[in-house]
Amino acid sequence: MKFNKLHAWNVDYKKAIQIQQTLRDLLIIKKSSGKIDTIAGADVSYDKQSDYFFAGVIVFTLNKYLEQIEEATAIGKARFPYIPGLLSFREAPILLKAFRKLKNEPDIILFDGQGIAHPRHLGLASHMGLILDKPTIGCAKSRLVGEYSPVENAVGSYTKLLYKNEVVGAALRTKINTKPVFISPGHKTNLAFAIRIVMASCYRYRIPEPIRQAHLLVNKLRKESHLQK
DNA sequence: GCGACAG
DNA sequence: ATCTTGTCGC
């Protein structure tokens, strides 16, 4: 699929933050009217030795069950360090390399990270949503910013994630007796719809299936390509 | 200055 | 994120 080059990636810490502050005004946190027939999950795996990392995207139909219709991967080198709040400057380039190979454009995409639950409202999911111009959802395994109350131990229960007097996401229980996941709208969706989509793509695991499958895919890719070097 | 801090 | 086997619990 094609996408917009909104800015350069070879930037420093200060410029990266400037870019985030500019892009946040372009976000649309409303449910888009388009139909949601397909959903995608994306993830990145790292090689501890080298600076190589591996990205993957998998597209599924969104019905009673998920049916995989396409997958794409990419391998590259990390060119930006991991800095909390600047994750997209590290992972977006390699993720885009994988998205670029996709023939089927998913109607909504799940990312392993935050959406607007971010210091400048521009987590990985929001940043990717703007570039791809698609509805996106952030689904993180831990919190970056915001406060929340304990979540009832029942599937589907959630409490709001508040940051600077604003609801930026939710701590959502996708599985009993496991820690909640942190959901936040990325782009072209609101929190309520984001939660609905995540619950609809979650089965017997804590992590929604599209992301879980993408995670398995990139880990397999890393281990296989590691044997050849 | 101290503590927090997606992957 | 990554390094890693068994093991406790639903």
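Proteins come first, then strands; the chains are lettered A, B, ... in the order of their sequence lines, and each starts at number 1. No experiment lies behind these values; they were computed from the predicted model shown.
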- [ ] Mind running side chain to side chain contact (heavy atoms under 4.5 Å, CB included) on A:I207 and A:H215 for me, showing each step along the way?
- [x] CA-CA 10 Å; A:I207 304 301; A:H215 188 73; over 6 Å; no
Task: Main-chain N/O of A:K179 paired to A:R206 side chain as donor or acceptor, under 3.5 Å - done: yes
Open item on the list: Quick test of your reading of the model: are A:D51 and A:R79 salt-bridged, counting only N-O distances below 4.0 Å?
Closed with: no
Look at the side chain of [X] and decide which nucleotide, out of [options], has an atom nearest to it.
X      : options              : result
A:R90  : B:dG7, C:dT2, B:dC5  : B:dG7
A:K48  : B:dG7, B:dA6, C:dC3  : C:dC3
A:D43  : B:dG7, B:dC5, C:dC3  : B:dG7
A:R222 : C:dA1, C:dC3, B:dA6  : C:dC3
A:N177 : C:dC10, C:dA1, B:dG7 : C:dC10

[atom1] of [X] versus [atom2] of [N]: gap in Å, rounded?
X      : N     : atom1 : atom2 : answer
A:I83  : B:dA6 : CD1   : C1'   : 13 Å
A:Y52  : C:dA1 : OH    : C1'   : 18 Å
A:Q114 : B:dA6 : CD    : P     : 8 Å
A:Y148 : B:dA4 : OH    : C1'   : 13 Å
A:I211 : C:dA1 : CD1   : C1'   : 15 Å
A:H118 : B:dA6 : NE2   : P     : 11 Å
A:E91  : C:dA1 : CD    : P     : 9 Å
A:F53  : C:dT2 : CZ    : P     : 12 Å

Open item on the list: Determine whether the aromatic ring of A:F182 stacks with the base of B:dA6, defined as ring centroids separated by less than 5.5 Å and ring planes inclined by less than 30°.
Closed with: no
Heavy atoms only, 4.0 Å cut-off, all strands: where does [X] land among base, sugar-phosphate and nothing?
X      : answer
A:G138 : nothing
A:N219 : sugar-phosphate
A:I94  : nothing

TODO: Could you check A:I176 against A:H215 and say which one's nearest nucleotide on DNA chain C is further toward the 5' end?
DONE: A:H215
Task: Side-chain touch A:F60/A:Q213, heavy atoms, less than 4.5 angstrom - done: yes
Open item on the list: Could you check whether atom CD of A:E152 has more than 12 heavy atoms from other residues, nucleotides or ligands sitting under 6.0 Å from it?
Closed with: no
